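As C-alpha cells, the structure follows; a few thoughts come after it.
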There are 2 protein chains.
Amino acid sequence: MTHQREVILEELKRLRTHPTADELYEIVKKRLPRISLATVYRNLEQLSAAGIIQKLDFVGRQMRYDGDISKHSHIRCVECGSVADVRINPIQGIDQAVIDACGYKVLDYHLDFLGLCPICLLKKHRDN
Amino acid sequence: MTHQREVILEELKRLRTHPTADELYEIVKKRLPRISLATVYRNLEQLSAAGIIQKLDFVGRQMRYDGDISKHSHIRCVECGSVADVRINPIQGIDQAVIDACGYKVLDYHLDFLGLCPICLLKKHRDN
DNA sequence: TCTTAATTAAGAATTTTTCTCAAGTCAAGA
DNA sequence: TCTTGACTTGAGAAAAATTCTTAATTAAGA
Ligand SMILES: [Mn+2]
Ligand SMILES: [Mn+2]
Ligand SMILES: [Zn+2]
Ligand SMILES: [Zn+2]
C-alpha cells in the first residue's frame with residue numbers, strides 16, 4: 001500500500017458525494033500536490049478490482065466512485081445533479097422473474113433512480 | 001424529416017440489438033454510403049430528445065440506442081456481452097420506499113441486470 | 001418558385017480514460 | 001552494503017467516444 005493509494009482511499013471513504021476521478025484528484029492534490037491524474041485512475045481501478053471500493057457507472061458517461069461497498073442504490077436529482085444513497089430491501093423473486101422473462105441467469109442487478117432532491121422539490125412547490 | 005433521419009430511425013426500429021452509434025452507423029452506411037458518423041449521433045440525440053427512441057446509458061461508457069420506447073429492463077451477459085430485453089412488472093410501492101429512505105421524489109427508475117445468457121450458461125455447465 | 005431555417009459531410013476539437021516509459025521505492029537476499 | 005526484481009510513480013502521449021465548427025445543401029412553407 002503506497003502513500004498515494006492510502007490517501008486516495010482515505011479521501012474517498014471520507015466523502016459521501018460519489019466523486020468522479022478528477023474531482024477526487026483535485027481533493028487528493030491538496031495533500032499530495034505532485035500526484036498525477038493517471039495515478040488516481042490507476043489506484044481507483046485497483047481498489048475497485050480488489051473490492052475495497054465501488055465503481056459506479058450508472059450516471060452518464062463519467063465514472064463515479066463510492067467508498068461504501070455495501071449493496072445500495074442511488075438517486076440523482078434531475079435539477080441539481082446531486083446523488084444520494086438509497087437503502088431499500090432487495091427485490092423478492094427477481095431472479096426467477098428474469099429467467100422466466102428472457103432465459104438469462106441473473107448474477108447482479110442495479111436499481112437506480114432519477115428524481116428530485118428535497119431542496120429542488122421545495123423550490124418547485126414555491127414556484128407553482 | 002430528412003432522408004438520413006428516416007433511414008437511421010428505420011434501421012434502429014428494425015434491430016433488436018440495442019446498437020451503439022457506430023454500430024448503427026455501419027448499418028446505415030450500407031444504404032447511405034456518404035453519411036457521416038456525426039449525423040448519426042446528431043439524429044439519435046434528436047430522436048431520443050423527441051421521445052421517438054430511447055438512449056440507454058446502462059452499460060459502461062458507450063451509449064446504446066433502442067427503437068422500442070416501451071418501459072422495460074435489460075440484461076447483459078457478462079461472458080459474451082449480448083443485451084436482451086427483460087419485461088417484468090413494475091416494482092410495487094417503490095416511490096414511497098425511496099421517499100422514506102432518502103427524501104427524494106422518484107420520477108423514473110432503471111432496473112438493469114448482469115447475468116449469463118442461455119448459450120453461455122450451457123457452455124459453463126459443459127466446462128464443469 | 002423563392003426564401004429561410006434546418007441539416008448535412010467532413011474533419012477538428014473536447015472529454016474521459018488508458019497506456020507507455022523512464023525513473024523511483026523498497027524489501028529480500030548475496 | 002550492494003544487487004536484484006517487483007511494483008509503482010509522474011508526465012505526457014494515445015485512444016475512444018462524443019460534440020462542435022463550417023461552408024454547402026436540402027427541406028418546407030409562403
Ligand atoms: Mn453510495
Ligand atoms: Mn430494449
Ligand atoms: Zn436537487
Ligand atoms: Zn452470453
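The sequence lines fix the lettering, A, B, ..., with proteins before strands; numbering per chain opens at 1. Note that this is a predicted model, so its numbers are computed, not measured.
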Closest-nucleotide mapping onto DNA chain D: is A:Met1 or B:Tyr65 further toward the 5' terminus? I mean the 5' end. A:Met1
Contact nearer the 5' end of DNA chain D, comparing B:Gln4 with B:Lys55: B:Lys55
Check this for me: does any side-chain nitrogen of one of [X] and [Y] sit under 4.0 Å from a carboxylate oxygen of the other?
X	Y	value
B:Asp100	A:Arg87	no
B:Glu23	B:Arg64	yes
B:Lys71	B:Asp108	yes
B:Arg14	B:Glu11	yes
A:Arg42	A:Glu45	no

Describe the nucleic acid contact of B:Asn43 in one word from base, sugar-phosphate, nothing, applying a heavy-atom distance below 4.0 Å. sugar-phosphate
So, does A:Ser48 use its side chain to make a donor-acceptor pair with the main chain of A:Leu44 at under 3.5 Å? yes
State which of D:dT19, D:dG10, D:dT8 makes the closest approach to the side chain of B:Glu45. D:dT19
Do any side-chain nitrogens or oxygens of [X] fall under 4.0 Å of OP1 or OP2 in [N]?
X	N	answer
A:Gln46	D:dC7	no
B:Tyr41	D:dT18	yes
A:Arg42	D:dT8	no

Near-ring test A:His110/B:His110, centroid separation under 6.0 angstrom: no
Side chains of A:Ser82 and B:Tyr104: do they bring a donor and an acceptor to under 3.5 Å? yes
Contact interval (first through last nucleotide) of DNA chain C with protein chain A, 4.0 Å heavy-atom: C:dT16 to C:dT20
Whole-Å distance separating the [atom1] atom of [X] from the [atom2] atom of [N]:
X	N	atom1	atom2	result
B:Tyr25	D:dT19	OH	P	16 Å
B:His3	D:dA28	NE2	C1'	17 Å
A:Glu6	D:dT8	CD	C1'	14 Å
B:Leu56	D:dT18	CG	C1'	17 Å

Output the residues of residues 27-37 of chain A in contact with DNA chain D, where contact means a heavy atom of the residue under 4.0 Å from an atom of the strand; sort by number or write none. A:Arg34, A:Ile35, A:Ser36
Would the number of heavy atoms belonging to other residues, nucleotides or ligands and lying under 6.0 Å from NZ of A:Lys124 be above 12? no
